[in-house]
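Values below: every heavy atom of this structure, side chains too, minus hydrogens, waters and symmetry copies. As the structure lists them, so they are numbered: ligands from 1, and atoms in each ligand from 1. Just so we're clear, the structure is a prediction, and the values are computed from it rather than from any experiment.
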Amino acid sequence: MTAGTLAQGEATGTFYIASSLAAALDALNDYGPEGAAFAGGTWIMRAPIRHQPLKTRHVAIGKIPELTEIRIGTDAIEIGAAVTHAALASALADLPDFAVLTAAAGRSANPAIRSLATIGGNLATSDFSAADCVPALLCLDAQIEVSSRSGRERMSLEAFLTQRSTLAPGRLLTKIVVQRSRHKTAHARLPLRKAGDYPVAIVSLSFDVDTANYVRAARIAIGSVETVARRWDRLEAALLDRPLAPARAADVAAELAGEFVGRESVEVPPWYRVSVLPRLVRRATAAALGA
Ligand SMILES: Cc1cc2nc3c(=O)[nH]c(=O)nc-3n(C[C@H](O)[C@H](O)[C@H](O)COP(=O)(O)OP(=O)(O)OC[C@H]3O[C@@H](n4cnc5c(N)ncnc54)[C@H](O)[C@@H]3O)c2cc1C
C-alpha cells in the first residue's frame with residue numbers, strides 16, 4: 001500500500017475506507033490474498049461464529065458513490081454493488097416487473113440486517129447458500145460487472161457464480177444490470193425458525209404470459225435447496241406454451257423435484273428442502289398472476 005493510495009481514503013489499522021472505486025481497487029490489488037472487500041459487514045462480522053478466520057486487511061466499499069447508486073432507465077436498471085437490501089427494496093417498490101427482486105431484498109433477514117447488507121455481498125458470498133437475491137437475479141437474467149485495475153468485465157450471473165469463490169485478489173463486483181420487461185415475476189421463500197430464520201428453500205420466477213394466459217417464456221430459479229442456486233430448466237420447459245395455472249405448476253414441480261439433491265445442514269434434513277418446492281412454486285405462480 002502506498003501513501004498516495006492511502007491519501008484517497010481514510011486508513012484505520014487494517015481497515016481501509018475507500019472514497020473512490022479507483023482507491024478501493026488499488027488497495028485490494030496491493031493487499032492481494034490478505035485483503036477483502038468489506039461491504040455491509042453482516043457476513044464478515046460473523047466469521048468467528050462460523051469458526052472462520054478473518055482476512056487481515058479489509059477495504060470498506062460502502063462510501064463509494066458509484067457503488068451506492070441505483071439507475072432506473074427505460075430499458076434497464078443498474079444497481080451498484082454496495083446498495084443495501086433496504087435501499088433496493090425501496091427504490092424498486094413501484095416497478096411491477098421487479099416484484100421478485102423487491103420481495104427478495106425486502107423480505108430477507110430482518111430490518112437491521114437489511115439496512116446494512118448489500119446486494120454485492122449477497123451475491124459474492126460463496127459459502128452462503130440461502131441468499132435471496134441470487135435466485136431473484138437468476139430469474140431476471142442479470143448481468144454482473146466485475147472491475148479491477150485493468151478494466152471492467154461483464155458476465156452473466158451464472159458465470160459469476162461459478163468463479164466467485166476464486167475471484168482473483170483485486171477484483172470487485174461493482175454493478176448488477178437487469179433489462180426491463182413486462183414479465184410477471186414473484187419470489188416465494190420458506191423461512192424456518194429452526195434454520196435461524198434463513199429460508200430453507202426459495203423459488204424466484206419470471207413469466208412472459210400472452211393475453212390468453214399462455215406461457216411464452218419462463219425463467220425459474222431455485223435457491224437454498226442445493227449449495228448454489230440454479231435455474232430449473234425442465235420445469236421452465238414443461239410450463240411453456242400451456243396456460244399458466246398455480247395448481248398445474250405445482251403438480252409439474254412435484255413430478256420433477258427429484259432432480260434436486262438437498263444440501264446437508266444441521267437445521268433441516270436434505271429431503272425437506274426438496275419436499276417444499278411444489279408448494280413454493282404454487283405460491284410464487286399465484287403471486288406472479290396477482291392471485
Ligand atoms: C441474522 C442474519 C440473517 C440473515 N438472513 C438472510 C436472509 O434471510 N436472506 C438473505 O439473502 N441473506 C440473509 N442474511 C445474509 C446477508 O444477506 C448477508 O450477510 C449479506 O448479504 C452479505 O452482504 P454484506 O454487504 O454484509 O457483505 P459483507 O459481510 O461485507 O461481505 C461478505 C463477503 O462478500 C465479499 N464482498 C462483499 N461485497 C463484495 C463485492 N462488491 N465484490 C466482491 N466481493 C464482495 C466480502 O469480501 C466477503 O467475503 C442474513 C444475515 C444475518 C446475519
Report yes if [X] has an N/O atom closer than 3.5 Å to an N/O atom of ligand 1; otherwise report no.
X      : answer
Arg46  : no
Thr118 : yes
Ile44  : yes
Gly41  : yes
Gly40  : yes
Asp132 : yes
Gly120 : no
Ala36  : no

message = Is there a continuous path of hydrophobic side-chain contacts, each under 4.5 Å between heavy atoms, that joins Leu123 to Leu161?
response = yes
I need the atoms of ligand 1 closer than 4.0 Å to a non-hydrogen atom of [X], numbered in the order shown.
X      : value
Ala39  : 25 (O), 30 (O), 37 (C), 38 (N)
Ala81  : 41 (N)
Ala130 : 9 (N), 10 (C), 11 (O)
Arg189 : 7 (C), 8 (O), 9 (N)
Ala117 : 17 (O), 20 (C), 21 (O), 25 (O), 26 (O)
Asn122 : 10 (C), 11 (O), 12 (N), 17 (O), 21 (O), 22 (C), 23 (O)
Ala131 : 11 (O)
Ala124 : 34 (O), 36 (N), 43 (C), 44 (N), 45 (C)

Q | Test side chain to side chain contact (heavy atoms under 4.5 Å, CB included) applied to Leu172 and Leu67, step by step | A | CA-CA 11 Å; Leu172 195 62; Leu67 299 191; 4.3 Å; yes
Going by the closest heavy atom to [atom], which one wins out of [options]?
atom                    : options                       : result
atom 29 (O) of ligand 1 : Phe128, Tyr198, Phe160, Trp43 : Trp43
atom 41 (N) of ligand 1 : Leu67, Leu173, Ile176, Val146 : Leu173
atom 46 (C) of ligand 1 : Gly80, Ala109, Ala37          : Ala37
atom 26 (O) of ligand 1 : Thr42, Val134, Leu28, Leu167  : Thr42

I'd like to know if the side chain of Arg164 pairs up with that of Thr125 as donor and acceptor (distance under 3.5 Å, no hydrogens or angles considered).
no
> Without hydrogens or angle criteria, can the side chains of Ser165 and Ser126 be said to hold a donor-acceptor pair below 3.5 Å?
Replying inline: no
Next item on the list: Check if His85 has a non-hydrogen atom at a distance under 4.0 Å from any atom of ligand 1.
Entry: yes
> Could a heavy atom of Ile61 be found less than 4.0 Å from some atom of ligand 1?
Replying inline: yes
Passes salt bridge (Lys or Arg N to Asp or Glu O under 4.0 Å), Asp26 versus Arg149? Steps please. CA-CA 7 Å; Asp26 279 344; Arg149 279 214 297 213; 3.0 Å; yes
- Query: With under 30° as parallel and over 60° as perpendicular, where do the rings of Phe38 and His58 fit, or are they tilted in between?
  - Reply: perpendicular
Inset, instruction - Specify whether Tyr16 and Tyr31 have parallel, tilted or perpendicular ring planes, treating 30° as the upper limit for parallel and 60° as the lower limit for perpendicular. - result: perpendicular
Practice item. Decide salt bridge (Lys or Arg N to Asp or Glu O under 4.0 Å) for Glu255 and Arg234; before the verdict, give the C-alpha distance in whole Å, the side-chain angles of both, and the deciding distance to 0.1 Å. Key: CA-CA 10 Å; Glu255 279 165 28; Arg234 290 178 67 210; over 6 Å; no
Starting at [atom1] of [X], measure out to [atom2] of [Y] and round the result to the nearest 0.5 Å.
X      : Y      : atom1 : atom2 : value
Leu140 : His183 : CG    : NE2   : 9.5 Å
Ile61  : Ser20  : CD1   : OG    : 12.5 Å
Leu88  : Thr102 : CG    : OG1   : 7.0 Å

Mind running salt bridge (Lys or Arg N to Asp or Glu O under 4.0 Å) on Asp97 and Arg180 for me, showing each step along the way?
CA-CA 7 Å; Asp97 41 330; Arg180 301 201 61 178; 3.2 Å; yes
The answer for which part of Arg171 has a heavy atom under 4.0 Å from ligand 1 is neither
Exercise for review: Apply salt bridge (Lys or Arg N to Asp or Glu O under 4.0 Å) to the pair Arg273 and Glu264, showing each step before the final yes or no.
Suggested key: CA-CA 10 Å; Arg273 296 183 190 276; Glu264 297 286 344; over 6 Å; no
Salt bridge (Lys or Arg N to Asp or Glu O under 4.0 Å) test vs Asp132 passes for just one of Arg114, Arg107, Arg189, namely Arg189
